[in-house]
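Working notes, structure below.
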There are 2 protein chains.
Amino acid sequence: MDIQYAILGFLSWRPFSGYDLKKIISESDLFYWSGNNNQIYKSLIDLHQTNQVTQQILYQENLPSRKVYTITEKGIHTLRAWLLSHPELPEFRNNFMIQLAWADPLSKEEMDALLGTYEEEIDVQLRMRLVQAQAQRAPQRTPRESYLWARISENMTASYQHELDWVREVRKALNEEKFMS
Amino acid sequence: MDIQYAILGFLSWRPFSGYDLKKIISESDLFYWSGNNNQIYKSLIDLHQTNQVTQQILYQENLPSRKVYTITEKGIHTLRAWLLSHPELPEFRNNFMIQLAWADPLSKEEMDALLGTYEEEIDVQLRMRLVQAQAQRAPQRTPRESYLWARISENMTASYQHELDWVREVRKALNEEKFMS
DNA sequence: CTTGTCATGTAAGAGGTTACATGATTCG
DNA sequence: CGAATCATGTAACCTCTTACATGACAAG
C-alpha cells in the first residue's frame with residue numbers, strides 16, 4: 001500500500017486527522033488517490049496498530065471528535081527507508097491514446113471533434129492548475145523543500161502542457177488534408 | 001473494464017487468440033495493463049457471451065489448441081460508441097514525485113544518489129523504447145492510422161524524455177550549492 | 001535436466017472506488 | 001428547507017496483480 005508512505009510523509013510534516021488527509025489527497029493530483037475514507041482510515045488504524053503513529057482524540061463542542069495522528073520514531077524510520085528505496089518508474093496511463101489508436105474508422109469530422117474535446121479537457125485542467133497554484137500550500141521547512149515542491153508542481157503542469165501541445169499539433173496535421181478518409 | 005475496449009480494438013484490427021493479446025499487452029506500455037491471464041481470458045469469455053466476438057477453435061498437432069476470436073458487428077458498434085465517447089484525462093501516477101516531496105530529511109549525497117538512480121532508470125527506459133521502436137508493428141491500414149500510431153508512440157517517448165530533462169535539471173540545481181543541509 | 005514456449009484457465013488477494021450511515025451545525 | 005461542512009467509519013464491489021495448474025515439445 002503506497003498510500004501508507006504518502007500518509008506517513010504528511011505526518012512527518014505535522015499531525016493530521018484522517019479527515020484532513022482525506023481532503024488534501026482528494027484535492028491533490030500529485031497524491032493521485034481518490035482520497036476515499038476506506039483507504040485512509042484503514043491505513044491510519046494500521047499505522048496506529050504497528051506503532052508508527054500515535055493517536056490523540058480531541059473532543060470538540062458541537063462538533064464530532066477529531067482523531068489526530070502523530071508520527072513516531074518507528075514511523076520516521078519506515079519513511080526514511082522508503083525514501084532511500086529504489087524509485088519506481090512513472091505510470092503514464094492514458095486511455096485517450098488507446099482510444100486514438102483504434103480511431104481510424106472515424107470520419108475526419110468525428111476525429112477532429114474527438115481531438116477537440118480532449119484539447120479542451122486538458123486546457124481546462126491546465127487553467128485549474130494555474131489558479132490552484134497559489135492556493136496550494138507546501139511544507140516550507142527549508143529552502144530545499146520549497147524548491148522541491150515547486151519543481152514537483154512544475155513537473156505535473158508541464159505534463160499537461162506537453163499533452164496540450166501534442167494534441168494541437170496532431171489535430172493541425174490531421175486537418176492539413178494530407179489524410180483523406 | 002477499459003481493457004475490454006482495448007481488446008475490442010485489437011480484434012477490430014484482426015483476429016487474435018487470448019495468448020496473442022496477453023503477449024502484446026504485457027510487452028506494450030501504451031496498453032498499460034500487466035497482461036495477466038485473468039483479465040484477458042475473462043474479458044474474452046465475457047465478450048463472447050455478449051456476442052461481441054465469435055470464437056474459433058484451431059486444433060494443432062503437438063501443440064495446445066488455440067481459441068481465435070473475431071469481432072462481430074455488435075462488437076464493432078460497441079467499439080465505435082466508445083471511440084466517440086468523452087475522452088478521459090491522462091493519469092500521471094508518479095510515486096517518485098511523492099518520494100521527493102518528503103525527501104528533505106535526506107542529506108545532499110543521499111538526495112543526489114536518489115535522483116541519480118531515477119535518472120538512470122528513466123534513461124534505460126528511453127533507450128529501450130528507441131530499440132523497440134523498430135520491432136513494434138502497428139496496424140497500417142491507412143496513412144492516417146500509421147500517422148496516429150507514430151504520434152502516439154512519440155507521445156510516450158516524449159513523456160520519458162521530459163522526465164529525464166526534468167530530473168537532470170533538478171539534480172543540477174541541487175548540486176549548485178544553493179541548498180545547504 | 002532445467003528452463004522457455006505454446007496455450008488455456010483458476011484462485012487468492014491486494015488495491016481502489018462509490019455509496020451508505022450517523023448527527024449536529026451552518027449557510028444560502 | 002435543502003445542502004454543505006465537520007468527522008468518523010463500514011459495505012459492497014470492481015480492477016488488477018501474482019501465483020498456480022496442466023501438458024507437450026524444443027533448446028541450451
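Owing to the predicted nature of the structure, the values given are computational and were not obtained by experimental measurement. Lettering follows sequence order; numbering is per chain, from 1.
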### Query
Salt-bridged, A:Asp112 to A:Lys108, with N to O below 4.0 Å?
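No salt bridge links A:Asp112 with A:Lys108.
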
### A:Glu169 with A:Lys172: basic N within carboxylate O range, under 4.0 Å
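A:Lys172 and A:Glu169: not salt-bridged.
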
### Query
If you count the non-hydrogen atoms of other residues, nucleotides and ligands that lie under 6.0 Å from CZ in A:Arg14, is the total more than 12?
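Enclosed.
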
### Query
Should we say atom CZ of A:Arg141 is surrounded by more than 12 heavy atoms from elsewhere, each under 6.0 Å from it?
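Check passes, neighbour count above 12.
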
For the pair made of [atom1] in [X] and [atom2] in [N], what is the distance, rounded to whole Å?
X       : N      : atom1 : atom2 : value
B:Arg93 : D:dT15 : CZ    : P     : 14 Å
A:Ile40 : C:dA19 : CD1   : P     : 17 Å
A:Gln39 : C:dT18 : CD    : C1'   : 12 Å
A:Tyr19 : D:dT5  : OH    : C1'   : 5 Å
B:Asp46 : D:dC14 : CG    : P     : 12 Å
B:Tyr41 : D:dA19 : OH    : P     : 18 Å
B:Leu58 : C:dC6  : CG    : P     : 16 Å
A:Lys22 : C:dT17 : NZ    : C1'   : 12 Å

### Query
Would you say the base of C:dG16 and the side-chain of A:Asn36 have a donor-acceptor pair closer than 3.5 Å?
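Donor-acceptor pair under 3.5 Å: no.
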
### Query
Quick one: the side chain of B:Asp2 and the base of D:dT15, do they pair up donor-acceptor inside 3.5 Å?
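Answer no: no donor N or O sits under 3.5 Å from an acceptor.
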
### Query
Which part of the nucleic acid, if any, lies within reach of B:Lys67 when heavy atoms closer than 4.0 Å are counted: base, sugar-phosphate only, or nothing?
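Counting heavy atoms under 4.0 Å across all strands, the contact made by B:Lys67 is with sugar-phosphate only.
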
### Task
Assign B:Asn62 to base, sugar-phosphate, or nothing according to its heavy-atom contacts below 4.0 angstrom with the strands shown.
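Counting heavy atoms under 4.0 Å across all strands, the contact made by B:Asn62 is with sugar-phosphate only.
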
### Query
If you pin A:Lys42 and A:Ser65 to their nearest nucleotides in DNA chain D, which one's is more 5'?
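The residue whose closest nucleotide sits nearer the 5' end is A:Ser65.
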
### Query
Looking only at heavy atoms, which two atoms of B:Ile7 and B:Ser43 are closest? And how far apart?
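It is CD1-CB, 3.7 Å.
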
### Query
Does the ring center of A:Tyr5 lie less than 6.0 Å from the ring center of B:Trp102?
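That pair fails the under 6.0 Å test.
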
### Message
Checking contacts here: which listed nucleotide (C:dT10, C:dT17, C:dA7) is nearest the side-chain heavy atoms of B:Asn38?
### Response
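Of the candidates, C:dT10 comes closest.
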
### Message
Can you give me the bend angle of the helix from C:dC1-D:dG28 to C:dG28-D:dC1? Use the axis through the first five pairs and the one through the last five, nearest 10 degrees.
### Response
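Taking the rotation axis at each end, their angle is 40°.
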
